Amino acid sequence: MTRLSGETALVLAWIIALVSSLAVLFIGEVLGQTPCVLCWFQRAFMFPLAIVLGLGLWWHGVALALGGAAVALYHIGLYVGLIPEAIQPCTATGPSCTDDNQVVFGIPIPLMALVAFTMIGMLSALSLKKKQI
C-alpha cells in the first residue's frame with residue numbers, strides 16, 4: 001500500500017479547494033442561484049483556501065477548513081431542521097438557507113461544502129504531520 005506524501009496531500013487539498021471554488025461560481029453565475037447568507041460565509045472560507053494552499057501554506061488551510069466546516073455544519077443543521085427557526089440567519093432578507101435552491105444534482109450544497117472542508121482539513125493536517133517528521 002502506498003502512503004500519501006505531504007506534498008501530494010497538499011496538492012489534493014488545493015485541487016479540492018479550487019474545484020469547490022469554481023463549482024460555487026458555476027452554481028451562482030451560470031445556474032443563476034443566488035447564495036444565501038451562510039453560503040456567502042462558506043465562500044469566504046473556501047475562496048482563500050484555493051490561494052493559500054496553492055502557495056503551500058498548509059497551516060492556514062487547516063484553520064480555514066475548520067472555520068468553513070463549522071459554518072457548513074451549522075447550515076446543515078438549519079437545512080435538516082435541527083436548528084429552530086427563531087435563530088436562522090437566512091429568514092430576514094435574501095434567499096432561504098433551507099429551500100430547493102440549496103440542492104444541486106440532488107445533493108444539498110451545505111453537505112457538499114462540509115465534505116469538501118473536511119477533506120481539505122484532513123489533507124492539510126496530513127501535510128503538516130508529514131512535514132514535522
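Note that these values count all heavy atoms, side chains included, but never hydrogens, waters or copies made by symmetry. From a predicted model like this one, the values you see are computed outputs, not experimental measurements.
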To the nearest 0.5 Å, what is the distance between [atom1] on [X] and [atom2] on [Y]?
| X | Y | atom1 | atom2 | result |
| --- | --- | --- | --- | --- |
| F117 | L66 | CZ | CG | 10.5 Å |
| M119 | L12 | CE | CG | 8.0 Å |
| E7 | S127 | CD | OG | 7.0 Å |

Minimal non-hydrogen separation, [X] against [Y], with atom names:
| X | Y | result |
| --- | --- | --- |
| P48 | L64 | CB-CD1, 3.9 Å |
| Q102 | S96 | NE2-O, 3.3 Å |
| L126 | A9 | CD2-CB, 3.9 Å |
| P95 | P35 | CG-O, 3.5 Å |
| T118 | L114 | OG1-O, 2.7 Å |

Give a yes or no on whether the backbone of A50 and the side-chain of W14 come within a donor-acceptor separation of less than 3.5 Å. yes

Applying side chain to side chain contact (heavy atoms under 4.5 Å, CB included) to I107 and not counting sequence neighbours gives L111, M112

Sorted by chain and residue number, the side chain to side chain contact (heavy atoms under 4.5 Å, CB included) partners of A13 (sequence neighbours excluded) come out as L53, I120, L123, S124

### Query
Should we count OH of Y79 as having more than 12 external heavy atoms under 6.0 Å?
yes

message = Surrounding CH2 of W40 (heavy atoms of other residues, nucleotides or ligands, distance under 6.0 Å), is the total greater than 12?
response = no

Residues pairing under side chain to side chain donor-acceptor pair (under 3.5 Å) where one sits in residues 18-39, two or more places apart or in two chains, turn out to be none

Checking L38, V104, V103, V24 against I109 for side chain to side chain contact (heavy atoms under 4.5 Å, CB included), the one that qualifies is V104

